[in-house]
Amino acid sequence: MFDRYSIAASAQQLIDHFSVDVPAHYKKYYNAGPTHLLPIITHHHPEGLSFFYWGAIPQWIKNKNISEKLINVRAETIKDKPVLKKKMMRFRCIIPSDGFYCWKKVGKKSAIPYRFFPKNKLPLSIAGLWEEFEDEQEETHHTFSIITTQSNKQIQPVNERMPLLLNKETQKVWLNKDASENELLGMLKTENTIMLDSYTVSPRIGLLSANESTLVLPSAPADQFGNLTLFD
DNA sequence: CCAGACGTTGTT
DNA sequence: GTCTGG
DNA sequence: CCAGACGTTGTT
DNA sequence: GTCTGG
């Protein structure tokens, strides 16, 4: 499961890097997680940021509680599932980020959080799918899910899965309205070429409500209970 | 979708 | 709702 | 054709 | 080969 990242780039960095308009209400998230209202860029409207909730609610779950949210879609699954392929054809987005978090298991129940971020400090583009649906009260909701893939050599020791990171070229295809199904399926196999650095961070990222700027900074390796550990 | 069947007729 | 295994 | 499953993972 | 029960 991939459930934390940060988007703490300045408005100007987003404008420069993605050529998008950034509204005044844009707010930095040092600890973006499921259910947060986060900035994404849809292929329908790549000129601006859209603010959607992280975590899709499948329409066939009528009355189930919200914990059933789907925050990830496996890249490998999309090619096999007609529903997802259709969704890929119609509802692509990228999620701007400047780093992401992964938990490394160190025991049955404890894990230590790591942060991965690009060496060149430029924003990352995470591939995603979005959806719009009406609930029973006829309220329209906009949500998105992040596409995950098998971790590469660097992240593997920490976590099995990582977000699908797009580079300049693959991002262009992903946001192209006229991209073909084959082209897009190809993007799902994008190997990460972006050089990343990593260090351990505060386990406070486990709290969805935590959002202080220091969360992105290095912190002594500690598990979610706050126990310091020598094994990182 | 695919394994497995694939014909007819009727006491009263 | 749509997809699919039997 | 239809019953039953259906994008993800695992306590942070 | 085509039809169909599961």
Distance between the [atom1] atoms of [N] and [M], in whole angstroms?
| N | M | atom1 | answer |
| --- | --- | --- | --- |
| E:dG1 | D:dA5 | C1' | 34 Å |
| D:dA3 | E:dG5 | P | 14 Å |
| C:dG6 | B:dG4 | C1' | 13 Å |
| C:dC3 | D:dT9 | C1' | 22 Å |

Legend entry - Aromatic ring pairing A:Tyr199/A:Phe117, orientation class (parallel under 30°, perpendicular over 60°, tilted between): tilted
Inset, instruction - Give the ring-plane orientation class for A:Trp130 versus A:His142, where under 30° counts as parallel, over 60° as perpendicular and anything between as tilted. - result: tilted
How many whole angstroms separate atom [atom1] of [X] from atom [atom2] of [N]?
| X | N | atom1 | atom2 | answer |
| --- | --- | --- | --- | --- |
| A:Asp80 | D:dC6 | CG | C1' | 14 Å |
| A:Lys104 | D:dT9 | NZ | C1' | 20 Å |
| A:Ile78 | C:dC3 | CD1 | C1' | 16 Å |
| A:Met88 | C:dT2 | CE | P | 20 Å |
| A:Met162 | D:dT9 | CE | P | 14 Å |

Could you list the donor-acceptor pairs under 3.5 angstrom formed between side-chain atoms of residues 89-99 of chain A and any protein atom two or more places apart in sequence or on another chain?
residue, atom, partner, partner atom, Å
A:Arg92, NE, A:Trp174, O, 2.6
A:Arg92, NH1, A:Met88, O, 2.8
A:Arg92, NH1, A:Met89, O, 3.2
A:Arg92, NH2, A:Asn176, O, 2.7
A:Ser97, OG, A:Ser6, O, 3.0
A:Ser97, OG, A:Gly99, N, 3.0
A:Ser97, OG, A:Gly99, O, 2.9
A:Asp98, OD1, A:Ser6, OG, 2.5
A:Asp98, OD2, A:Ala8, N, 3.0
A:Asp98, OD2, A:Ala9, N, 3.3

Legend entry - A:Pro82 side-chain proximity, nearest of D:dT8, C:dT4, C:dT2: C:dT4
Inset, instruction - Please test A:Ile194 against A:Leu124 for side-chain contact (heavy atoms from CB on, under 4.5 Å), starting from the C-alpha separation and ending with a verdict. - result: CA-CA 9 Å; A:Ile194 299 159; A:Leu124 293 170; 4.0 Å; yes
Inset, instruction - Starting at the 5' end of DNA chain E, write a dot or bracket for each base, bracketing those in Watson-Crick or G-U wobble pairs whose two distances are under 3.5 Å and using | for partners on another strand. - result: ||||||
So what does [X] hit on the nucleic acid, given a heavy-atom distance under 4.0 Å: a base, only sugar-phosphate, or nothing?
| X | result |
| --- | --- |
| A:Thr77 | sugar-phosphate |
| A:Lys81 | sugar-phosphate |
| A:Ile71 | nothing |
| A:Val73 | base |

Legend entry - A:Lys27 charged N/C atom sitting above A:Tyr29 aromatic ring, 6.0 Å / 45°: yes
Inset, instruction - Ignoring backbone atoms, test whether A:Arg161 places a side-chain nitrogen or oxygen under 4.0 Å from the OP1 or OP2 oxygen of D:dT8. - result: no
Polar pairs (N or O, both sides) under 3.5 Å between protein and nucleotides 10-12 of chain D?
none

Legend entry - Working for side-chain hydrogen bond (donor to acceptor under 3.5 Å, both in side chains), residues A:Arg161 and A:Thr148: CA-CA 6 Å; A:Arg161 310 291 303 175; A:Thr148 63; 3.3 Å; yes
Inset, instruction - Using the side-chain hydrogen bond (donor to acceptor under 3.5 Å, both in side chains) rule, take A:Gln156 and A:Ser151 through it: C-alpha gap first, then chi angles, then the decisive distance, then the call. - result: CA-CA 5 Å; A:Gln156 186 78 56; A:Ser151 289; 5.5 Å; no
Inset, instruction - Just do the side-chain hydrogen bond (donor to acceptor under 3.5 Å, both in side chains) check on A:Thr77 and A:Asp80 with the steps written out, would you? - result: CA-CA 5 Å; A:Thr77 314; A:Asp80 308 325; 5.9 Å; no
Inset, instruction - First locate atom CD of A:Glu212, then atom CD1 of A:Ile205, and finally report the distance between them rounded to the nearest 0.5 Å. - result: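 The CD1 atom of A:Ile205 is 11.0 Å from CD of A:Glu212, to the nearest 0.5 Å.
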Legend entry - Derivation of the side-chain contact (heavy atoms from CB on, under 4.5 Å) call for A:Trp54 and A:Ile146: CA-CA 8 Å; A:Trp54 186 7; A:Ile146 282 180; 3.6 Å; yes
